[in-house]
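Working notes, structure below.
Heavy atoms only: backbone and side chains are in, while hydrogens, waters and symmetry mates are out. Order of listing sets the numbers, starting from 1, for every ligand and every atom in it. What you see is a predicted model; the values in this text were computed from it and never measured.
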Amino acid sequence: MQNDTRHATTVLVARKILTMNPAQPVATHVAIRDERILSVGTRDDMRQWTDAEPDPTFADKVLMPGLVEGHSHLMEGVVWRSTYVGYYERRGPDGKRWPGLKTLDAVIERLQEAERKMPAGDAPLLAWGFDPIFFGDARLTVKQLERVSATRPIAILHASVHLMNVNAPMLALAGIDEDTDIDGIVCDESGKPTGELQEFAAMFPIYRLIGNELSPTAADHPEAIWNFGKVAQLAGVTTATDLVNDLSDAGMRNLAEVTADERFPIRVVPAFAPQRNAAAGPARVLDAMRRNAARLRFGPVKFIVDGSIQGFTARLRWPGYVNGRPNGLWLIPPEQLVDTFLPFHAAGLQLHIHTNGDEATDVVLDAIETILNRHPRVDHRHTLQHCQMADAAQLARAARLGMCVNFFANHLYYWGDAHYAQTMGADRANRMDAAETARKLGIPFGLHSDAPITQLNPLFTAWCAVRRETASGRVLGEAERLSVADALHAVTLGAAFTIGMEHVVGNIEVGKFADFAVLDEDPLAVPPERLGRLAVWGTMLGGRVFRSPA
Ligand SMILES: [Zn+2]
């Protein structure tokens, strides 16, 4: 047995092993065999398994469970082919940091620079991460975009990915004019399109032209899957979801091939989005699940019910948007929710349902109650994704319905000031992403980045839920702050539970995959203010080391 390298046993010693297993919270040694955790404890504890000398690589490091990102998108791996024009700094798959752009002129300048680097011709200029909420009333209209090019088609995806700005050549190419009758095409007083396109129906004619670029169909590019894995690994992540997947033949083949490569650093959990592939039903998901392997797990299903709060397309209950903007858009009409959900629910699949505004949360709770009455199921784990504006009564109802919640905690920092002043106002901004209320109610919950919407970095996300500080330093709802221990649980075992993987990942316990985040410091010992900036030395996936570039 000992001579067979497949079943070789290694023992690691660390300064501290934060197991996140309440029955044995800390350890100094962990033994690994067959990619799994064989033993956790002291050197003496594992002598019955092995006499192997401990590997001292991590002797001065802290090991914790590999981080789990329960709501991200493979799209994070494809957007880097386009120009980043976001307000906040971002780190690409190569580790390069892109400074945030603080004015509309800076956005135009970066677009001009990208345009100058492109070969002459009419290949489209594509950009992402644009966030007009930080620029007052100024908008990137077709007029503004003439400063970049009067001839080259341009498409700029907003940070929320629910909206887009395009220029006149792109509108012409897509056949969009004042007579186009599609919800979400914004027009000026004279009835002419401004170039702002809201939600997927309005953006669809553009996507038909630009193909898979800036698109959630990133699994069609093997390179995008690799890039996604790299971005996640840099942040200490070992399991991440792709929460809008088409389950295309090419995409599934690429995912199977890339994740089978032992140099690929994470486990990927793609969720089928029926709204992008209406012809496919539950059978498509059940079929995809036959490809499941240690590093690839199909099964979850994703629905998007409303839009984005900062894009004013989320559906809010009374009293609506504080700046008087009209209520948002339904991406699935409320009266169709039951019929939309029921076939997937009845097939035993798990639903992840995007609801940003509290009105959207309300109609989804109604629909879930109806489908559970018609087709009772134990341990369904249907999960509210984002669930940003839910109040205590809605969360209590989610608890009674047996649901999980995955909160978009990064919003507190990135858009918290905008929510306070411009979208929902103080009362509702202070109860945003109410993780502490969920914890008290016993709701299983995770915290997420929704990358590429915000940076994929669960320790930062945990910091957001612990401190609840906006970019300007305002604290939103101090009573909803999580303890550091609870926030770390939410980005490990909590998130793993929401994707049905708590039996294989999420903490350091015998039998689970040997997936670790390797840190220089103990996240439970540093001041909570520093939690979001802790350096990640690297990760281990199934016992294999992945070193992050310094
Ligand atoms: Zn998302």
What protein N/O/S atoms lie closer than 2.8 Å to the Zn ion (ligand 1)?
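Near the Zn ion (ligand 1), below 2.8 Å, one finds H71 NE2, H73 NE2, D450 OD1.
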Give a yes or no answer on whether the side chain of D242 reaches the backbone of L74 with a donor-acceptor pair at less than 3.5 Å.
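Yes.
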Ignoring hydrogens and angles, tell me if any N or O in the side chain of Q350 forms a donor-acceptor pair with the backbone of T498 under 3.5 Å.
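Yes.
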In terms of relative ring orientation, are F408 and H71 parallel, tilted or perpendicular, with 30° and 60° separating the classes?
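Aromatic pair F408/H71 classed parallel.
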Min side-chain heavy-atom separation W415-N410 under 4.5 Å:
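In short, these two side chains do not touch, never coming nearer than 4.5 Å.
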Under 3.5 Å, is there a donor on one side chain and an acceptor on the other for H375 and H345?
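On atom types as modelled, these side chains do not qualify, holding no pair under 3.5 Å.
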Taking atom types as modelled, find out whether D486 and S483 have a side-chain donor-acceptor pair closer than 3.5 angstrom.
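Short answer, yes.
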